[in-house]
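Remarks on the structure that follows.
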Amino acid sequence: MSISRRGVLALPALAVLPALSEHVMAAETVSIGYIEALTGNAGAAGQSIKQGAELAVEIINTPHPDLAPLTLAKNAGLPNLGGATVALTWADNQGSPAVAASDALRLITQDHVVAMCGAYQSSCTLTSSAVAERYGIPYVAGESVAANLTGRGYKWFFRTTPYGPDFARLYLDFLADVAKSGRATGKIAVVHENTDYGTSVADSMVSTAAARGIKIAQRIAYNANGTDVSPQVLQLKEAQPDVVIFISYTSDSILYIKTFHTLGYRPPIVIGDDSGFSDPSFIKTVGPIAQGALNRSAFVPGKPDSITYKINALFKKRTGRDLDDTTARSMQGLFVLCDAINRAGSTKPEAIREALVKTDLPPGELMIGYEGVKFNAQGQNILAYSLMIQLQGESYVPVWPANQASAKLELPFKGWT
Amino acid sequence: MILLQLISDGLQLGAVYALFSSGLTLIWGMMNVMNFAHGQFVMLAMYVAFFCFTLLKVGPAFFVPLAAIGLFGFGVVVYLLLVRHVMRGPMLAQIISTFGLALVLQYSALWAFSANFVSLPTTLVGGVYDVGGIRLSAARLIAGATAIALTAGMHLLLTRTDLGSRMLAVSEDRVAAALVGIRPDPMQALAWGLGAAATGVAGGLIALFFYVSPDVGNSFTLLAFVTVCLGGFGSVPGALLAGLIIGVVESFSAYWLGPATKDVVVYGLFVALLWVRPQGMFGRA
Amino acid sequence: MIPLRRAGPVAVLVILAIAPFLTANPFYQRIAALVVLAAISASAWNVIGGYAGQISFGHSIYFGIGAYASLLLFGRFGLPPIAGAPLGIIASFVVSLIIGPPTFRLRGHYFSMGTFAIAALAEILIVNWKFAGGAIGLMGPAMPRSLADLLFRNSLPYYAIFLAVLALLLALTHLMQRSRMGFYLRAIGAGERAAESLGVPVQRYKLYALLISGAFTALAGSLYAVMIGFVDPESGFGILISVNMVVIAALGGVGTLFGPLVGAIILVPLQETTNALLGGSGTGAAYVAYGLIIMLIARFSPGGLAELWPLINRHGRRRAA
Amino acid sequence: MLLEAQGIVKAFGSFRAVDQANLVVAENELIGLIGPNGAGKSTFFNCLAGDTRPTSGTIRFRGQEITRLSPDRHARLGLARTFQVPIVFAGMTVRENVMVGALLRHPHRRRAADEADELLHFTGLAERAEMPVTALGTPGRKRVEIARALATEPRLLLLDEALAGLTSSEVEAAIELVERIHARGVTLIVVEHIMEVIHRLTERVLVFHQGRVIAEGTPAEVTADPTVIAAYLGRRRGRAQ
């Protein structure tokens, strides 16, 4: 079970490239590669994920009996590997699929990681997991949601997060429930950025709705990171939809809310599909004028003595802000991977893969609101789940479904006062 | 009603483009240097505004001039340390050196300020006016008015003052200018300084209604290049008009054709205009 | 007998041919393959951008066409991606014939901006073209079905293929440089009006240059798609693709035979190393280091690195004489 | 007739830079075009070279209409030119500059190099053949332009102020060069400011003023013409000499 062979790696054929090291390896270390968007458009999200993952590693490597039911929290390190500690090696995908593939190769062949996590943008996850597949290294995607990631027939790819169709179902269930209270929800507008994330989630939304006999009234695609969104807002204002669903990155989410404010338009129900709406910067910059905005999240801090609450507190101590959904989903992915390595009792990729296939975690052992973790043949977690949260004051609170809600759903969208 | 609102939004947006491009016109048009780091200059000015507000609790009346002064100094330094040396080389040397500068600035900002988006409170300037059903944002109005004032000021400087004619003389022909006793280096340093100062004003004002992040410049940069080119290099009023046209065109095409295709119209129009007038609207042939 | 002035380039080619085989490290081998790939597209750009002096910012359009041709043929008809290369080259000819004549009327920065705008249009069209995968892009084969899929775990086969293409391109460029066309292109780059007055059919020669340049850029795009197995509008048609070609060529030295290769040998490992060493910190230090280095090179050697290497430079001059 | 230009008009908007200019050139002539700055002689010259298309009028060269042909077609037909401000091909040597011209008739590099060498010798640049062209000063560059133009083997050569900005000894050498070119059997049209040069070189002169040809004849005739003196020479002599 030799874990690090970094010492023998120094084959200085191209002396320009010294060996790369983020951590000095201890005797017993399990090396996991983590590819994230640390710079570029999604840099803020990637940085947050990095902070979250480092917290997760701390929880795994040091005893946290207070978080007891959570996988691997109680003891120091991975018990089945004699208390071996987990070490992460980070790589920046720079938002480029080609760079992500290079990263994966480097992590596998230089850093000899035994498994990988990543890689935020679905395009980057796609190319980096293809490299992992060729090398036979398990890959757990904790946050990428494009539908085409699963279904490639890969053996080594697993996704813990819910994806497009799950979200679409969530929104439609939620809206159907809201409709029971007499509020109109039939006219739905979907506004999405037009790269892979926005397009694939919007496609899922349209097809899932169609399957239920609901027609999406308005679908507006726009270029991400634009300079102005007034025309889109005017289109909405003209059409007067009952519900507006935004599938947007941070910068555009901020602009939409600012433009609502400028143009004095308040759609009755505003739903943000995570991502931009979940970025801590979103609340900081436009929170006061986005009151009542709905969002999906699989993570809610909950009551003060819950695991989630404590994890959130730990995160807040490190970073000064609340744990957001994307970061939490990514952390959960890492926990699932480490749990599998522990159950495998080995760092052999094949053993880890087999353990991942057999994964069956109950909700109690998770740090996130999934109904469990269990992979289907494509490697998709079939128990992934989210709930609806709403921006009330300075933070999001769970409002639906009722059994998990900690605050009352407030409609219509208030925006600003 | 919608029509008027679209025009008004388009003009406000166009004024922002013109504002954003004003410094670029000066530097690009007068010195024939394609400054790829222009967007990063604006980003720096936006951070100046943000930090002035959060740390010193001062408003735009203070931070806009400060950003202009700061950027002026920065522009001069960049000229002296970098641009002066690459200007004499081929056009490509300017391109790659300012491209390198852009990377350094953007990612130094990332390191210093983190990737998080920040913004000034929406209440800082005025709020929103409702004029006969047309919604106007005070911050954008100020930005628009300043863009026009800045354009007029620069135009007057270049065409009506001795300093301006010296700067133009250097831009036309360094050697000839030197022969008649104008020292080219201080003039060009000054042009860079002024270009950067205009950028500083722009950044300070745009920060009033736009988020601030290390890569915020990139959203505007490509359009700024198109704006300057469409107006004709070196034509300050040309850039203003081009900015307004692009703003209105974007606004209308985004509304009628959909936001994802608005750039098709803008770039298509640009290509078509170059086809008809290969030197831009106001460019010297 | 090999004259001394030929020794340099020959040595470069010999070193290139064997370099990656000296290391068993897959990551270094991959970098070597990426170096050659970047050298192909930068050298292709060099034909129109360097020799003919037409600074195109629209070459991503060719790169994207090549990459999409490969993966479309795979995605729609199940052909091996490399089969798309000839299709990409044919499409590049069509594009050159369409965009060449109108843009060639533009001079200097206007040409650069015009080509940039056309490439930006192409990217938007691809984003909205469902058949070509739209915003989501196209995937290559997940697993190799046969050798023809050219899907290897190891980068050495890619390296060998890329090197063969590069050698072909450089040989063609070398021939061109010695011929009337080479003289005419350099004359066009240095002074279009004067070239015209000497009987150079300027527009026609620019078009020839664009046809060659575009075809090899498209080929580079196809090879990229074969190796990476994925392309989306951004990684195929994005403005950065063009900028990278320009920066690599300019850094090595435009209008010289080996300049773009030198640029790629320096820049690609630099990008990869800075990202490997500093990227994980997530502070953007990788870009700062990268930006500083290219800034310094431009500052102290504005004509590109080739001008620091008299052997290559003199070689280029004498050759042409 | 080698060249016939009839009723040439070039208008920019309502401004007529050239207004109804006519010119007939026979084989082996050496003709001067003079006139104050902005008189239209350069525009007329550019019309002849194909750089500018006249608004109306026709130009025939060796019996063929060339009014709307591109500059490179002009060169191929045997009509070459130089520029007022020399445009040399930076990045090339002196010889390579001349080779660009020679390649028009001799597509093979070696042949073109031989031709270039002959012309470098003829123009007195032989010793500087290997130098980068940018190392040359203005007089040298003007010679490179002449050598380059001659390399296209023209029947008619248009020289645009080939002597402007030269010192008096350089002018002397340049006049001698022009005479030798003429002796090779090349017909020449020269635009010139310096009357002395016109007097020494040319047999026939056209005087431009405000876009029109106001006088035509031998140098002695036109300098005696009162309209010419009024329009141009009086003013110019007073200032420039």
Side-chain angles (χ1 to χ4, degrees), chain B residues 28-29 32 34 36-37 81-112 114-115 214 221-222 225-226 228-230 232-233 258 260-264 266-272 274-275 277-280 283, chain C residues 49-50 53 55 57 99 102-103 105-125 127-128 135 239 243-244 246-251 253-255 263 281-304 307:
Chain B
W28 195 356
N32 215 23
M34 210 169 177
F36 267 88
L81 293 184
L82 181 68
V83 179
R84 186 158 63 115
H85 306 280
V86 295
M87 265 183 73
R88 289 171 208 141
M91 170 178 154
L92 280 167
Q94 306 158 11
I95 291 175
I96 60 172
S97 60
T98 55
F99 178 69
L101 178 66
L103 288 178
V104 171
L105 293 179
Q106 180 173 332
Y107 290 96
S108 302
L110 176 75
W111 173 77
S114 93
T221 302
L222 293 179
F225 279 9
V226 171
V228 174
C229 198
L230 189 64
F233 296 109
T261 44
K262 71 177 177 186
D263 290 342
V264 175
V266 173
Y267 291 130
L269 209 68
F270 174 62
V271 172
L274 284 184
W275 170 245
R277 253 187 93 76
Q279 70 277 15
Chain C
I55 312 293
F57 275 105
I99 68 174
T103 51
R105 296 165 17 124
L106 307 172
R107 305 255 164 113
H109 288 155
Y110 289 102
F111 177 80
S112 301
M113 291 307 300
T115 49
F116 152 72
I118 290 172
L121 279 174
E123 186 183 352
I124 300 169
L125 291 180
V127 165
N128 292 295
I239 174 77
V243 172
N244 238 339
V246 179
V247 169
I248 287 174
L251 211 67
V254 297
S281 70
T283 52
Y287 289 98
V288 175
Y290 175 65
L292 265 179
I293 289 168
I294 65 174
M295 211 162 87
L296 289 175
I297 294 174
R299 158 75 178 77
F300 291 102
S301 175
E307 83 174 11

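The figures that follow rest on heavy atoms only: side chains count, while hydrogens, waters and symmetry mates do not. The chains referred to below are lettered A, B, ... by the order of the sequence lines, with proteins before strands, and numbering in each begins at 1.
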| Interchain contact, C:Ile124 with chain B, by part (heavy-atom threshold 4.5 Å) | side chain
| Portion of B:Val271 that has a non-hydrogen atom of chain C nearer than 4.5 angstrom | side chain
| said: Quick check on C:Leu251 against chain B: is it the side chain, the backbone, both or neither that has a heavy atom closer than 4.5 Å? | reply: both
| query | With no hydrogens and no angle check, is any side-chain donor or acceptor of C:Arg299 less than 3.5 Å from a backbone partner on B:Ser97? | reply | no
| field | Reported CD1-to-CE distance for the pair B:Ile96 and C:Met295, which is rounded to 0.5 angstrom | value | 11.5 Å
| Part of B:Leu274 lying under 4.5 Å from any heavy atom of chain C | both
| Considering only heavy atoms, which portion of C:Thr103 lies under 4.5 Å from any heavy atom of chain B: side chain, backbone, both, or neither? | neither
| What part of C:Val127 is in contact with chain B, defined as an atom under 4.5 angstrom from a non-hydrogen atom: side chain, backbone, both or neither? | neither
| note | Cut-off 4.5 Å, heavy atoms of chain B, and the answer for C:Phe116 is side chain
| request: Please examine the side chains of C:Phe300 and B:His85, heavy atoms only from C-beta on, and report whether any two atoms are closer than 4.5 Å. | output: no
| What pair of heavy atoms forms the shortest contact from B:Ser108 to C:Val288, and how long is it? | N-CG2, 3.6 Å
| query | Any idea which of B:Trp111, B:Phe36, B:Tyr267 has the most non-hydrogen atom pairs under 4.5 angstrom with chain C? | reply | B:Tyr267
| request: Report the option among B:Val226, B:Leu222, B:Thr261 that has the most heavy-atom pairs separated by less than 4.5 Å from atoms of chain C. | output: B:Leu222
| message | With a 4.5 Å cut-off on side-chain heavy atoms, are C:Asn128 and B:Val264 touching? | response | no
| said: Which atoms of C:Val247 are under 4.5 Å from chain B, going by heavy atoms: the side chain, the backbone, both sets, or neither? | reply: both
| query | Most heavy-atom pairs under 4.5 angstrom with chain B, which of C:Ile239, C:Leu125, C:Val243, C:Leu296? | reply | C:Val243
| task | Examine B:Phe99 together with C:Phe57 and report whether their ring centres are nearer than 6.0 Å. | result | no
| remark: When the 4.5 angstrom heavy-atom criterion is applied to B:Phe270 and chain C, the contacting part is side chain
| task | Tell me, for B:Leu105 versus chain C, whether the close heavy atoms (under 4.5 Å) come from the side chain, the backbone, both or neither. | result | neither
